[in-house]
2 protein chains.
Amino acid sequence: MTVISLPDREPGQSRYGALASALRARVIAGEWPPGSALPSEQTLASEHGVALGTLRRALELLEHQGLIERLHGRGTFVRAGLAGASMMRFFRFGDRSGEVPHSHILSRKTAVLPAAAARALGLAPGEAALKLRRLRSLGGEPCLLEDIWLPLPLFESLAAGEPSGWSDLLYPLYAERCGVHVHRAVEDIGFDRLIAADARQLGLSAGHPCAKVIRQAFDLAGRCVEHRVTRGDAHAFHYTVSIT
Amino acid sequence: MTVISLPDREPGQSRYGALASALRARVIAGEWPPGSALPSEQTLASEHGVALGTLRRALELLEHQGLIERLHGRGTFVRAGLAGASMMRFFRFGDRSGEVPHSHILSRKTAVLPAAAARALGLAPGEAALKLRRLRSLGGEPCLLEDIWLPLPLFESLAAGEPSGWSDLLYPLYAERCGVHVHRAVEDIGFDRLIAADARQLGLSAGHPCAKVIRQAFDLAGRCVEHRVTRGDAHAFHYTVSIT
DNA sequence: AAGTGGTCTAGACCACTCT
DNA sequence: GAGTGGTCTAGACCACTTG
């Protein structure tokens with residue numbers, strides 16, 4: 001049994017804190033890919049030369065951070081990532097809540113990043129990226145229009161093939177086809193007016209008020225892997241947030 | 001030393017889970033008022049006849065639920081409640097973030113609850129409540145208009161006295177004057193158009209698009225103690241949310 | 001110095017899942 | 001039944017705050 005020694009801990013840092021960082025690094029490095037199981041607690045504890053309780057403390061931390069998931073009797077797993085449906089949790093359109101809107105890809109192309117998208121993705125403006133434009137509908141009625149920017153070459157495998165068969169949720173697709181697991185996201189909700197081209201897609205008139213949700217999605221390592229702008233009729237839009 | 005026995009636990013419930021519920025009940029019953037300290041871990045553990053570790057587990061739960069706060073070397077305290085400023089955490093108006101807008105009470109009266117407010121507060125429509133109307137400003141510019149409904153007789157002490165001396169944050173006032181501690185809130189964000197009376201207060205024209213934030217605020221026991229509708233210029237409004 | 005919460009350990013036993 | 005995580009205990013020692 002090889003004992004993996006902990007890195008020197010800064011004064012004031014607990015052993016389980018340092019241990020959690022070490023394990024987090026191993027997860028991010030891909031030692032245990034998303035969805036797979038970590039070794040058992042016993043194994044990890046003796047690997048790192050700590051008591052079981054200390055190891056469990058570290059795993060608790062990682063679980064609270066959303067990095068891993070522990071299933072009684074089964075094991076400890078690296079979280080597979082956000083489903084994409086969980087993004088709609090707080091999002092409501094008209095009366096229909098909980099439903100995942102149907103999705104139709106309007107266009108897909110490689111394009112030069114505009115300044116805002118580049119900033120969000122942490123890339124230089126002018127770099128090439130994959131741009132998707134999606135129309136989403138509820139009950140046959142178009143309700144949301146999305147402009148999605150994806151960095152290349154990470155998402156190269158989405159540039160080929162027929163997008164009409166893609167699922168309504170993109171994040172499982174990112175995971176399957178590109179090995180990208182969306183782990184966290186930040187949304188900014190604002191207000192705007194529709195330009196003519198967007199209005200046409202949504203069956204509204206140019207200048208119509210719209211809700212504008214700008215999202216950055218991040219992977220396990222904290223890299224921004226998606227920049228998305230979603231627009232929909234301001235009057236049908238609702239967003240619910242819980243504050244503690 | 002009197003030992004407080006735990007209520008019979010349902011099969012499958014852990015001892016620390018039951019213990020947490022018991023302690024939560026004692027907090028809600030007011031045995032230790034918000035801001036005050038609980039007995040020490042040692043004391044609580046022997047009071048309930050459990051090991052220290054088990055008691056600590058229970059306190060951990062309550063801490064995660066936001067009911068208590070533990071300060072190293074000082075003690076365990078019942079959380080005093082949301083400051084009110086924390087509500088603005090995700091809220092941004094123009095460039096100014098973090099600033100608490102100055103507040104001016106436009107009106108205060110006892111009025112009959114309209115249906116929506118009654119539903120939010122869990123009361124019957126037609127019951128009397130205290131209604132506040134506030135204008136909030138940043139840098140001298142009016143930016144937000146609030147309609148606030150407070151149940152009576154709980155907030156009776158706010159019906160008298162001069163409101164011009166009230167602080168910009170209402171929640172500390174609720175705590176001090178009415179013993180009401182806001183502990184959790186739910187906000188619904190939507191968009192609307194300003195009616196003429198509201199537009200005038202905000203220095204905008206009738207029909208101008210506005211963001212509309214409807215908030216329910218709850219106390220420790222889970223009662224809704226405030227229903228608030230906030231409106232502001234849609235074009236200056238931003239709201240940021242983090243999703244995990 | 002006394003009192004508080006925080007860390008760490010070691011071990012027994014329980015509950016769940018899979019085969 | 002073997003292997004996993006979950007609970008509970010008892011005790012030593014550390015770190016922070018207060019008087």
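First the proteins, then the strands, lettered A, B, ... as listed; each starts at 1.
- If you take CD on A:Q216 and CG on A:L121, they are separated by 7.5 Å, rounding to the nearest 0.5 Å.
- The shortest side-chain heavy-atom distance between B:R57 and B:S14 does not fall under the 4.5 Å cut-off.
- Residues B:S40 and A:G17 each lie close to DNA chain C; by heavy-atom proximity, the contact nearer the 5' end of the strand is made by B:S40.
- Remark: the A:E162 side chain and the A:S164 side chain contain an N/O donor-acceptor pair separated by less than 3.5 Å.
- Using a 4.0 Å cutoff to heavy atoms of chain B, the contacted part of DNA chain D runs 5' to 3' from D:dT7 to D:dT18.
- The two atoms that bring A:R177 and A:S157 nearest to each other are O-OG, 3.0 Å, heavy atoms only.
- Using a 4.0 Å heavy-atom distance criterion, B:R56 is classed as a base contact.
- For the residue pair B:E226/B:Y171, the side-chain donor-acceptor check at 3.5 Å is satisfied.
- Residues from residues 61-74 of chain B lying near DNA chain C, meaning a heavy-atom separation below 4.0 Å, are B:R70, B:L71, B:H72, B:G73 in numerical order.
- No donor-acceptor pair closer than 3.5 Å links the side chain of A:E146 to the backbone N or O of A:R134.
- Atoms NE2 and OG, from A:H102 and A:S167 in turn, are 10.5 Å apart once rounded to the nearest 0.5 Å.
- Residues A:G75 and B:L55 both approach DNA chain D. Their nearest nucleotides, taken by heavy-atom distance, put A:G75 toward the 5′ side.
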**Message:** As a quick check of understanding, evaluate side chain to side chain contact (heavy atoms under 4.5 Å, CB included) for B:V229 and B:W149, giving each step before the final call.
**Reply:** CA-CA 9 Å; B:V229 180; B:W149 290 92; over 6 Å; no
